Amino acid sequence: MAGHTDPADQFEQLREQAEALIRERPDETSKSPLDILELIQELEVHQTELEIQNEELRRTQEELSTLHREYENLYEFAPCGYLTLNPKGIITHINLTGLTLLGGPRTHVLHQGMSQFIEPGQEDSLLSARKKSAETGEKQSVEFPLRRGKGTPVWVRADIEADRDDAGAVIQWRVVLVDITEHKQAQEALFRSEEKYRSLFNSIRDAILVADTDRKIMSCNPAFTELFGHSEKEITGKETRYVYESEVQFTEMGERLKENMDNPHFLHTIHYRKRSGEVFPGETNVFYLRDTDGNINGFIGLIRDITERQKAEEAKVRLEAQLQQAQKMESVGRLAGGVAHDFNNKLTSILGYAELAMGRLDPSHALYGDLKQILEAGKQSVNIVRQLLAFARKQTIAPKVMILNDTVEQMLRMLRRLIGEDIDLAWEPDANIWPVKMDPSQIDQILANLCVNARDAIEGVGKVTIETENVELDEAYCAGHAGFVPGEYVMLAVSDDGAGMDKETLANVFEPFFTTKAVGKGTGLGLSTVYGIVKQNHGFVNAYSEPGKGTTFRIYLPRHEGEAEGKAEAVESEIPLGRGETILIVEDEKTVLQLGKMILERLGYTVLAAESPVEAVEIVRKESGEIHLLMTDVVMPRMSGKALVEEIQNIRPDIKTLFMSGYTANAIAHQGVLDEGVHFIQKPFGLKSLARKVRGALGSENGTTDGHR
């Protein structure tokens with residue numbers, strides 16, 4: 001103990017003192033009692049001190065033994081594996097943690113090469129670390145998986161350091177093994193997560209850029225480089241202003257970033273500029289990058305080019321407007337058709353009775369001129385009604401295959417008279433024009449209306465040009481023109497160099513009763529008539545105009561695959577008379593029924609009249625004589641004209657039929673086109689037209705059927 005002489009040394013000194021006294025005084029009796037007593041006392045004191053020191057030594061030994069056990073426990077059960085390898089890599093010492101990592105008892109581990117516990121293919125990592133440590137004299141660290149039989153390998157980090165002798169030779173290796181399996185698993189999970197993120201980042205079709213708080217681009221995905229035309233290397237490190245259309249756009253986005261800092265993200269549409277200089281609208285979804293304290297440390301922007309979407313939205317708006325316009329036109333057409341039907345019944349009576357009255361009077365009679373005015377006014381009204389029916393696509397047509405050039409050329413003389421001498425009419429046909437199938441009279445209507453409008457648009461001297469051309473409309477053209485269908489068409493164009501129209505006027509040009517002319521100068525039905533005729537024939541019409549630059553109307557009629565028919569035969573000028581045939585006329589409008597009966601009787605026919613289909617069937621059943629012709633209205637209460645014909649033909653199969661109507665119904669026509677073999681007369685009708693239609697339905701002596709298709 002500190003401050004005390006070793007008890008063994010003290011005892012040895014006392015023993016030597018006692019032996020010296022004995023040698024000096026051989027005779028014990030010569031010792032004085034006092035000396036002996038002092039010596040004994042001194043020996044007792046030293047003996048006591050020795051016992052005390054022995055006790056302290058025993059306690060010290062116990063403490064050392066405890067410390068040794070604690071050291072062994074710390075060594076054996078340390079969180080790291082401790083190994084000692086001889087210079088050849090053979091394990092000479094190992095703690096229990098090391099045994100656990102290596103997966104075997106001490107007897108199977110000691111004196112074995114360390115490399116045999118390492119996963120195959122990884123052994124060289126430990127050997128390289130030992131070699132480098134031997135060369136540098138520094139501790140080396142290396143990671144490798146330990147073999148665990150059929151179990152999952154354990155990843156460890158090995159810290160290796162050499163112990164050397166005085167000559168510097170390695171006498172052993174001290175190795176510390178740390179289990180890093182969880183760390184490795186976390187690394188692999190992170191790697192997989194990063195790979196997944198990178199794969200997602202690279203595969204997203206939207207352009208992505210990542211920027212720091214200074215709005216400098218840190219990275220971007222392939223979609224970004226493809227959209228903008230910049231490589232990642234070229235764009236990285238640059239401010240995002242580099243990709244905006246202008247400084248104004250860059251500043252605007254900066255303001256949005258500040259305004260939305262309390263939100264996780266926001267959406268904003270702004271204009272960007274590509275490397276090529278092309279500008280496009282980009283829908284940008286901006287996300288804020290935040291640290292664990294919620295502080296913003298960057299931004300992610302997902303950019304989508306919405307050029308096509310905006311075009312589609314604009315097209316949708318246009319199509320909706322066109323649909324509304326079409327629905328409006330259809331509604332007006334239905335109204336016009338209904339009005340025309342009722343009005344035609346009245347006009348039939350007005351014209352018929354006026355014509356009959358004029359037939360009874362001498363032209364010099366005072367009332368003859370008045371009746372003639374009534375007749376002329378009625379005929380003008382008929383033209384208006386026919387225009388309404390044409391717009392409503394309810395006029396009756398008898399299409400034929402024809403060459404459009406021939407029909408136009410037959411009209412040129414009339415058209416020149418129509419537009420006047422001050423306006424030059426130019427005719428520019430396509431020499432190899434395709435055939436079309438439509439009613440020639442409708443071509444007449446189209447050209448007359450368009451040329452009249454062209455004439456009215458020209459002040460003084462001017463020019464009107466009529467053209468024909470074969471055209472093929474492709475999908476690209478039709479995509480930009482609502483309602484158009486790809487295919488082959490014959491184009492008929494009428495152009496003028498007149499005043500032209502503004503956009504607002506052009507948008508309403510086909511609406512019925514819409515006109516820019518002065519009161520009394522037009523009905524506003526001319527172009528709506530053209531529109532209805534073209535639609536009825538499955539065609540399309542476009543109007544192009546600018547103020548001061550004239551107007552062009554282009555009409556596209558479907559090409560017909562077939563040969564053109566011969567020219568129409570001239571209509572007889574004489575009125576064909578009856579030969580006493582019996583005609584049953586059925587009409588729910590009483591005045592029209594009476595008029596028809598009077599005209600037919602004057603023409604030489606025997607007439608039976610019925611105001612309803614039920615009455616007509618009853619007459620057919622009771623009449624014993626032959627009934628040669630059934631003349632019936634198409635639209636009647638309780639039973640249509642077609643149903644009546646079927647009913648009567650069950651009784652008299654040989655009876656012939658003539659339909660009459662203010663407009664064509666689907667009962668006898670499809671989309672206004674007469675069914676094959678159907679005879680039809682349009683209301684209002686006069687004596688001559690009725691005479692020809694009846695004679696055609698009955699058939700003449702030589703077998704011709706005037707008006708029969």
Side-chain angles (χ1 to χ4, degrees), residues 341 344-345 348 352 386 389 394-400 439-442 565 568-572 574-589 592-593 595-597 599-600 603-610 613 616 620 626-636 639-709:
H341 173 261
N344 271 333
N345 282 333
T348 300
R386 284 178 178 169
L389 288 174
K394 293 183 180 297
Q395 65 175 344
T396 309
I397 58 174
K400 60 176 290 187
D439 193 323
S441 65
Q442 291 184 305
E565 300 174 6
E569 297 180 1
V571 178
E572 297 179 8
E574 295 183 1
I575 299 175
L577 299 177
R579 304 183 185 92
E581 296 95 331
T582 300
I583 298 175
L584 172 59
I585 179 171
V586 187
E587 170 62 63
D588 60 309
E589 184 70 31
V592 177
L593 178 65
L595 175 64
K597 185 174 183 298
I599 293 175
L600 291 172
L603 290 171
Y605 296 101
T606 302
V607 182
L608 303 173
V620 170
E626 184 178 3
I627 302 177
H628 300 87
L629 179 67
L630 170 63
M631 181 177 170
T632 178
D633 193 12
V634 175
V635 180
M636 295 181 292
M639 184 183 293
S640 70
K642 186 176 183 180
L644 174 62
V645 170
E646 292 172 354
E647 182 79 15
I648 290 177
Q649 284 180 342
N650 288 332
I651 303 170
R652 295 176 183 255
D654 296 332
I655 196 169
K656 296 179 179 179
T657 305
L658 173 62
F659 288 101
M660 57 182 174
S661 181
Y663 63 88
T664 304
N666 285 336
I668 62 168
H670 298 284
Q671 296 181 340
V673 180
L674 283 174
D675 295 338
E676 188 70 28
V678 172
H679 296 278
F680 176 81
I681 184 169
Q682 178 81 47
K683 294 180 182 178
F685 51 77
L687 188 146
K688 290 183 181 179
S689 60
L690 181 58
R692 294 191 183 101
K693 288 292 184 180
V694 170
R695 191 72 261 162
L698 287 169
S700 60
E701 289 182 355
N702 61 12
T704 60
T705 54
D706 183 13
H708 190 284
R709 293 182 64 250

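Source: prediction; values computed, not measured.
- Met639 meets the side chain to side chain contact (heavy atoms under 4.5 Å, CB included) test with Pro613, Ala643, Leu644; sequence neighbours excluded.
- Pairing each heavy atom of Leu593 with each of Ala609, the nearest pair is CD1-CB, 3.8 Å.
- Of all heavy-atom pairs spanning Ile655 and Ile627, the tightest one is CG1-O, 3.6 Å.
- With values rounded to the nearest 0.5 angstrom, Leu600 atom CG is found 11.0 Å from Glu581 atom CD.
- With sequence neighbours excluded, the residues that form a salt bridge (Lys or Arg N to Asp or Glu O under 4.0 Å) with Lys597 are Glu601.
- Arg652 places a side-chain N or O within donor-acceptor distance of the main-chain N or O of Val620, the cut-off being under 3.5 Å.
- The two residues Ala697 and Leu629 come nearest to each other via the heavy atoms CB-CD1, 3.9 Å.
- Considering only heavy atoms from C-beta on, Ile681 stays 4.5 Å or farther from Phe659 through its side chain.
- The side-chain heavy atoms of Tyr605 and Leu577, taken from C-beta on, include no pair separated by under 4.5 Å.
- In this structure, CZ in Arg579 is found 11.0 Å from NE2 in His628, a value given to the nearest 0.5 Å.
- Contacts of Thr606 classified as side chain to side chain contact (heavy atoms under 4.5 Å, CB included), with partners at least two apart in sequence or in another chain: Thr582.
- Residues Ile585 and Met660 have side chains in contact (heavy-atom distance under 4.5 Å, counting atoms from C-beta outward).
- Of the possible donor and acceptor atoms, one in the side chain of Lys656 sits under 3.5 Å from a partner among the backbone N and O of Leu698.
- Across Leu603 and Ala691, no two heavy atoms sit closer than the pair CD1-CB, 3.6 Å.
- Of the possible polar contacts, one joining the Arg695 side chain to the Gly699 backbone as a donor-acceptor pair under 3.5 Å is found.
- Nearest heavy-atom pair across Asp588 and Met636 is OD1-CG, 3.8 Å.
- Inter-residue side-chain proximity for Val586 and Met631 is flagged as unmet; no heavy-atom pair is nearer than 4.5 Å.
- With a 4.5 Å cut-off on side-chain heavy atoms, Lys693 and Leu658 count as touching.
- With sequence neighbours left out, Glu646 forms a side chain to side chain contact (heavy atoms under 4.5 Å, CB included) with Lys642.
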